[in-house]
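These notes concern the structure reproduced below.
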Amino acid sequence: MTGAGAEDKTRTAQPRRGRVDKATAIVQAACEVFGRDGYSRASIDTIAAEASASTRTIYNHFPGGKEELFRSIMQLSAERVRDEQLVQLRRYLDPERPPHPDDLERDLLALARAWVGLITDFRDQFSLVRHIYADAGHIPAEVLDAWQEAGPRVVGREVASAMAALGDRGLIDVHGSPAQAAVDFMALISSEITQRSYWGSGRSRRRRSTG
């Protein structure tokens, strides 16, 4: 095909770059606004201003409004953190290749440090998680469930599988419940760190000197 017909076909085949860029800007702005203001206080108007977009443009991309946008960014960010957590889990605690007994403590500590480091690497995600717990009563149940299924539940199942493998080889005692062992391990890794740092916000509690 030559001439005007070929030009029209080429023009049609080109991606709508402006639309993709605008969607990216909206998602980035939403991450910032939701991470700063939480779900209940964030507004589409504020997100539009941060993204240099109109509210109409946001609704064109996300017809479900704030709920759909929040669900989308939570799923995206949860998947990113989940994928990195699984990379680290398989690096240090692969169920298919359990460590030698003498190396188990070393590998568990290395995994713990790697996961704690993700709080800094994915600061925006953990800011969102902080607000999820604070705003849980205002967030639609299906949004919370989608977030759990995209990230935390997947990771929990994989850790439970790793704990089961360690238990089967007599390296640890899971007391008949690999799933509970996984919960306990993840709590030991993260509870104090997330509380002291307010889920990675950097506002750590400082102890006053009494001297």
How long is the straight-line distance from [atom2] of [Y] back to [atom1] of [X], given to the nearest 0.5 Å?
X	Y	atom1	atom2	result
D107	D102	CG	CG	11.0 Å
L188	M186	CG	CE	11.0 Å
L128	I132	CG	CD1	6.5 Å
C31	L69	SG	CG	8.5 Å

Are any of the side-chain nitrogens in E158 or R153 under 4.0 Å away from the carboxylate oxygens of its partner?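 Between R153 and E158 there is no salt bridge, as every charged N stays at least 4.0 Å from the carboxylate O atoms.
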Check ion pair E149-R157 (N to O, under 4.0 angstrom):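 Result for this pair is yes, salt bridge flagged.
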Only distances under 3.5 Å count here; give the side-chain donor-acceptor pairs of residues 178-185 to other protein atoms, sequence neighbours excluded, each with its distance to 0.1 Å.
residue : atom : partner : partner atom : Å
Q180    : NE2  : D184    : OD1          : 2.9

Considering all heavy atoms of both residues, which atom of [X] and which atom of [Y] are nearest to each other, and what is their separation?
X	Y	answer
R71	A146	CG-CB, 4.3 Å
E68	P63	OE1-N, 3.2 Å
L171	L104	O-CD2, 3.8 Å
V33	A42	CG1-CB, 3.7 Å
A51	K22	O-NZ, 3.8 Å

What I'd like to find out is whether the side chain of [X] reaches to under 4.5 Å of the side chain of [Y], using heavy atoms alone.
X	Y	answer
L93	L166	yes
T57	H61	yes
F62	S72	yes
R123	I119	no

I would like to know whether T46 and R36 meet side chain to side chain contact (heavy atoms under 4.5 Å, CB included); could you show each step before the answer? CA-CA 11 Å; T46 303; R36 182 187 67 222; 3.7 Å; yes
For residues 155-179, pull every pair meeting ring-ring contact (aromatic ring centres under 6.0 Å, His included), keeping only residues two or more places apart or in separate chains.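 Listed by first then second residue: nothing to list.
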Inter- and intrachain pairs under ring-ring contact (aromatic ring centres under 6.0 Å, His included), touching residues 66-90, at least two apart: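 Non-adjacent pairs meeting ring-ring contact (aromatic ring centres under 6.0 Å, His included): F34-F70, Y39-F70.
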Determine, using the 4.5 Å side-chain heavy-atom cutoff (strictly less than), whether L118 and V87 are members of one ILVMFWY cluster.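 Different clusters.
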Treat each ILVMFWY residue as a node, draw an edge where side-chain heavy atoms are under 4.5 Å apart, and state whether M163 and L109 are in one component.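 No, M163 and L109 fall in different hydrophobic clusters.
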W115 (side chain) donor-acceptor with Q85 (main chain) under 3.5 angstrom: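 Pair found, side chain donor or acceptor close to backbone of Q85.
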Return yes if some donor-acceptor pair links the side-chain N/O of H131 with the main-chain N/O of G35 below 3.5 Å, else return no.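 Yes, the answer is positive, given that a donor and an acceptor are paired below the 3.5 Å cut-off.
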With D37, which residues qualify under salt bridge (charged side-chain N to carboxylate O under 4.0 Å, His left out), at least two apart?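 Salt bridge (charged side-chain N to carboxylate O under 4.0 Å, His left out) check on D37 returns nothing, list empty.
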Starting from the C-alpha separation in whole Å, work towards a yes-or-no answer on side chain to side chain contact (heavy atoms under 4.5 Å, CB included) for V27 and T24. CA-CA 5 Å; V27 168; T24 300; 5.8 Å; no
Validation: residues 75-82 side-chain donor-acceptor distances under 3.5 Å, sequence neighbours left out:
residue : atom : partner : partner atom : Å
Q75     : NE2  : E79     : OE2          : 3.2
S77     : OG   : I73     : O            : 2.8
S77     : OG   : M74     : O            : 3.2
S77     : OG   : Q125    : OE1          : 2.4
R82     : NH1  : A150    : O            : 2.9

Begin from the C-alpha positions of V155 and L89 and carry the test side chain to side chain contact (heavy atoms under 4.5 Å, CB included) through to its verdict. CA-CA 9 Å; V155 175; L89 176 64; 5.9 Å; no
Walk me through whether D121 and E84 qualify under side chain to side chain contact (heavy atoms under 4.5 Å, CB included). CA-CA 10 Å; D121 296 340; E84 185 57 34; over 6 Å; no
Qualifying residues under ring pair (Phe, Tyr, Trp, His ring centres under 6.0 Å), relative to Y92, sequence neighbours excluded: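 So Y92 forms no ring pair (Phe, Tyr, Trp, His ring centres under 6.0 Å) with any residue.
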Counting only heavy atoms not in E142 (residues, nucleotides, ligands), do more than 12 fall under 6.0 Å from its CD?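 Counting neighbours around CD of E142, more than 12 heavy atoms of other residues, nucleotides or ligands fall under 6.0 Å, so yes.
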